[in-house]
There are 2 protein chains.
Amino acid sequence: MGNVNLDERTKKVLYAVVESYIEKPEPVGSRYIMKKYGFDVCSATIRNIMSDLEDEGFLYQPHTSAGRLPTDKAYRFYVDYIFEQCLKNQSEEIKKYIESLTKKLRKLRNNMNSLFLETTNSLSSVTRYLGLALLPETDKTALHRVDFIKFKEDYVIAVVVNDKGIVKNKIIKAYPEITQQELNKLAEFLNETYQGKAIDEIREDLFIRLKREKLFWDKLIEKILKICQQALYFTRENVYISGFYNIMHLPDFSSDIEKLREIAKTIQDRHLLIKLFDSISEEEEIKIIIGEENPMEEFRNLSIIASPYREKNKPLGLIALVGPKRMDYTKAIMFVREFANLLTNTLSK
Amino acid sequence: MGNVNLDERTKKVLYAVVESYIEKPEPVGSRYIMKKYGFDVCSATIRNIMSDLEDEGFLYQPHTSAGRLPTDKAYRFYVDYIFEQCLKNQSEEIKKYIESLTKKLRKLRNNMNSLFLETTNSLSSVTRYLGLALLPETDKTALHRVDFIKFKEDYVIAVVVNDKGIVKNKIIKAYPEITQQELNKLAEFLNETYQGKAIDEIREDLFIRLKREKLFWDKLIEKILKICQQALYFTRENVYISGFYNIMHLPDFSSDIEKLREIAKTIQDRHLLIKLFDSISEEEEIKIIIGEENPMEEFRNLSIIASPYREKNKPLGLIALVGPKRMDYTKAIMFVREFANLLTNTLSK
DNA sequence: TGTTAGCACTTATTAGGGGAGAGTGCTAAA
DNA sequence: TTTAGCACTCTCCCCTAATAAGTGCTAACA
């Protein structure tokens, strides 16, 4: 593995090929590169270099006597190359855009749903790629309040509000004898004992109680504790998706609708997206996944730029951009980073 | 307007043309019709009839010397023609499918979200068109319970559960002095007074109270009543969409992606869909809207089959199928009807 | 040894022509 | 009113030729 040892000039050529192809999705020729990037060697030399790059697996030809196209390895090289600069430089234009958006989002600070909807929409419409966002994992947030509502004989609706103001509800099958009054007391107990504690820890704690007190108390306690546990068990499910239509007209897909269909099918299935997100570490500032690097088959000819948003340095969730491998990475990286920051700031008030 | 006065034979030809075109999207020729439908006149006669039908606006030619294609008017004729039979006949196949689905859905009876998700998914995957469903309008359902939760100084989260077990929440800006205890009392008051009453009526009633008591009480009451009113104000927003990818490969769209993009854009914007649904009366058993008949421009080259599901004869919401005008109407109508019935039955327990 | 110029070769793309096929419209006869 | 016949129109497909882009290779060059 590794970038072998490419000399400076070779790197410049490789960079030029990738950049050119991102600009215009056509096989890149040696003469074109030479002229556009002002190499003062002749096209034959570039040709030799490109041939070497092909041997190294950075480029390939769609057919003999055609120009070259970048492989995933080339994209990876390109991204590694521009990455640093992306983080340093800040375009004035982006800054302004983010500023105006900040005001808009600040107003939605207390309504997570609208906040994330608006964020995903904006991210997609400004980049013209597919925008994704994942709400903070309810499990990891702190309990603000829980309420139980008896429903239809033998059901209980648990309403859980976390410290982000996100309201979740679960319908739990319970035994019929339990009354609303008892449920109120139960909720009161939970609220008093656990408000402000992380939800997954509460569940843990309840589990320990269950084990311990089972021996001393009757079945009732067991049942009640089970209700509580169920009430506080959440799988991640809130994914926001925006702008599929933005990627539909890209030349990368316009040739065959099948690819687009695959994507449409994939993004309809929230579980798949959550699996995708789960596979992305929330540690790195910005994670870039190119084509084959993707752990999930469904995204193998797409690229993903993801970044976590945080609160007090703790990652809460992710926002991401999905587009063709032939993506404008500079723009994408800059925007994803700014959007993640924006969310971080907005949530930290 | 009206179907002019077509004689039997002409009707049969028109029917045949539409049916043929639905089967295979190619211009339909006179000889083809004659042979396939066993007309015992020669093709020239059919040709004359088709020419007449063109004059009446039922058919058109993509170019001289090509076969004919149906216009919206022809589809309308066709649908009116088959409609009766669709309602009478019941294919054994569909019956079986619905039966097996019934069991599946019955288990989800108490979880509206899953129920509607599953319904829309099934409807789309069995018909291969785009499936839509609209949750019961919260406004028109009865209040089961309301809870207020103080959040972050000056916000109140109102959690409203209706008699369908649908949980809605609203974040309301309130004045900071109000305490959780006061909110609890307020909720208690509302629950005692209004449980089981229609939510829009409650709002109405609160409005009257507000007007009447404003004169006698202080600002506080006004504020509190306003919180209640806000808590109970819902715009319709829960639309379930499934199977966009199902319509992507249809020959009707494969020629130009732009059409598909339009659709993708439209269905992403929930408000547009709600506007669409709002324009569909919930009185008719089954509403069929073909192409230009559509009140909304975005759907002008699509057809929509919609049907309300009910509870005790009161329409609660709609499910619908969206597909190309060249749709398999028989199948679509049958399934939409069965699915609406299925929902009606499931909700009525 | 790396670089350049030149040239033959490959392949995709485009345009044009011709024939086949499908289907119509019209006319005249039944 | 229906039919048979026929000329006409248009699309579609195949074939060919020309064009253009770009490569790979070789031999000369610095």
Side-chain angles (χ1 to χ4, degrees), chain A residues 5-14 16-21 23-71 74 251-252 254-256, chain B residues 5-14 16-18 20-21 23-71 74 251 254-256:
Chain A
N5 38 356
L6 307 176
D7 62 49
E8 263 328 294
R9 196 177 57 180
T10 310
K11 281 185 189 168
K12 262 183 92 177
V13 170
L14 179 52
V17 172
V18 179
E19 191 177 85
S20 299
Y21 186 67
E23 270 170 25
K24 197 148 62 81
E26 280 166 17
V28 184
S30 53
R31 214 176 106 80
Y32 180 80
I33 289 294
M34 178 203 78
K35 280 178 70 181
K36 192 175 162 202
Y37 288 85
F39 284 96
D40 43 3
V41 292
C42 100
S43 69
T45 309
I46 306 281
R47 214 136 62 219
N48 288 332
I49 296 172
M50 283 165 89
S51 177
D52 294 346
L53 283 169
E54 184 164 358
D55 294 340
E56 298 289 350
F58 288 103
L59 301 177
Y60 73 97
Q61 292 177 289
H63 58 266
T64 18
S65 88
R68 255 93 175 185
L69 304 176
T71 62
D252 310 72
S254 63
S255 52
D256 64 323
Chain B
N5 36 357
L6 306 176
D7 62 49
E8 263 327 294
R9 197 177 55 179
T10 310
K11 281 186 189 170
K12 261 184 92 177
V13 170
L14 180 52
V17 172
V18 179
S20 299
Y21 186 68
E23 271 171 24
K24 197 148 61 81
E26 279 166 18
V28 184
S30 53
R31 213 175 107 81
Y32 180 81
I33 290 295
M34 179 202 77
K35 281 177 68 181
K36 191 175 163 201
Y37 288 85
F39 283 97
D40 45 1
V41 291
C42 101
S43 69
T45 309
I46 306 281
R47 214 137 60 221
N48 288 332
I49 295 173
M50 283 165 90
S51 177
D52 292 346
L53 283 168
E54 184 164 358
D55 294 340
E56 297 289 351
F58 287 103
L59 301 177
Y60 73 97
Q61 292 177 290
H63 59 266
T64 19
S65 87
R68 256 94 176 183
L69 304 176
T71 60
S254 62
S255 52
D256 65 322

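Convention: sequence-line order gives letters A, B, ...; per-chain numbering from 1.
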J.: Which part of the nucleic acid does A:Thr64 contact within heavy-atom distance under 4.0 Å: base, sugar-phosphate only, or nothing?
T.: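 The answer is sugar-phosphate, as A:Thr64 gets under 4.0 Å only of primed atoms, P, OP1 or OP2.
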J.: Is it true that B:Arg47 and B:Ser43 share a donor-acceptor pair across their side chains at a distance under 3.5 Å?
T.: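 The criterion, which ignores hydrogens and geometry beyond distance, is satisfied for B:Arg47 and B:Ser43.
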J.: So what does A:Ser30 hit on the nucleic acid, given a heavy-atom distance under 4.0 Å: a base, only sugar-phosphate, or nothing?
T.: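 Here A:Ser30 touches the backbone only, sparing every base.
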J.: Starting from C1' on D:dT3, measure out to CG on B:Asp40 and report it in whole angstrom.
T.: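 It works out to 13 Å between those atoms.
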J.: Given atom CZ of B:Arg68 and atom C1' of D:dT9, what is their separation to the nearest angstrom?
T.: 13 Å
J.: Between C:dA22 atom C1' and B:Glu26 atom CD, what is the distance in whole Å?
T.: 11 Å
J.: Using whole Å, what does the distance between atom P of nucleotide C:dC7 and atom CZ of A:Arg31 come to?
T.: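 Taking CZ of A:Arg31 and P of C:dC7, I get 16 Å after rounding.
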J.: Could you check how far CE of B:Met50 sits from P of C:dG23, rounded to whole Å?
T.: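 Atom CE in B:Met50 sits about 9 Å away from atom P in C:dG23.
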J.: Starting at OH of B:Tyr21 and ending at P of C:dG23, how long is that distance when rounded to a whole Å?
T.: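 After rounding, the gap between these two atoms is 14 Å.
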J.: Measure from CG on B:Asp7 to C1' on D:dT2 and round the result to the nearest Å.
T.: 14 Å
J.: Closer to the 5' end of DNA chain D via nearest nucleotide, is it B:Cys42 or B:His63?
T.: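 The residue closer to the strand's 5' end, by nearest nucleotide, is B:Cys42.
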J.: Is there a donor-acceptor pair closer than 3.5 Å between any side-chain N or O of B:Ser30 and the backbone N or O of B:Ile46?
T.: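 No, the answer is negative, given that no donor and acceptor are paired below the 3.5 Å cut-off.
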J.: Go through the side-chain N and O atoms of B:Asn48 and B:Ser51 and say whether any donor and acceptor fall under 3.5 Å apart.
T.: no
J.: Considering just the side-chain nitrogens and oxygens of A:Gln61, establish if one lies under 4.0 Å of OP1 or OP2 belonging to C:dT10.
T.: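 No, outside the criterion.
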J.: Is a donor from one side chain sitting under 3.5 angstrom from an acceptor on the other, for A:Tyr37 and A:Glu19?
T.: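 A donor-acceptor contact under 3.5 Å links the two side chains.
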J.: Would you kindly check whether a donor in the side chain of A:Ser65 faces an acceptor in the base of C:dT10, or vice versa, at under 3.5 angstrom?
T.: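 Indeed, a donor on one side and an acceptor on the other fall under 3.5 Å apart.
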J.: Separation of A:Asn48 atom CG from D:dG22 atom P, in whole Å?
T.: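 Taking CG of A:Asn48 and P of D:dG22, I get 17 Å after rounding.
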J.: B:Gln61 side chain to B:Ala66 main-chain N or O, any donor-acceptor pair under 3.5 Å?
T.: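 Yes, because the side chain of B:Gln61 sits within donor-acceptor range (under 3.5 Å) of the backbone of B:Ala66.
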J.: On DNA chain D, check which nucleotide each of A:Ala44 and B:Arg47 is closest to and give me the residue with the more 5' one.
T.: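 Final value for this comparison: B:Arg47.
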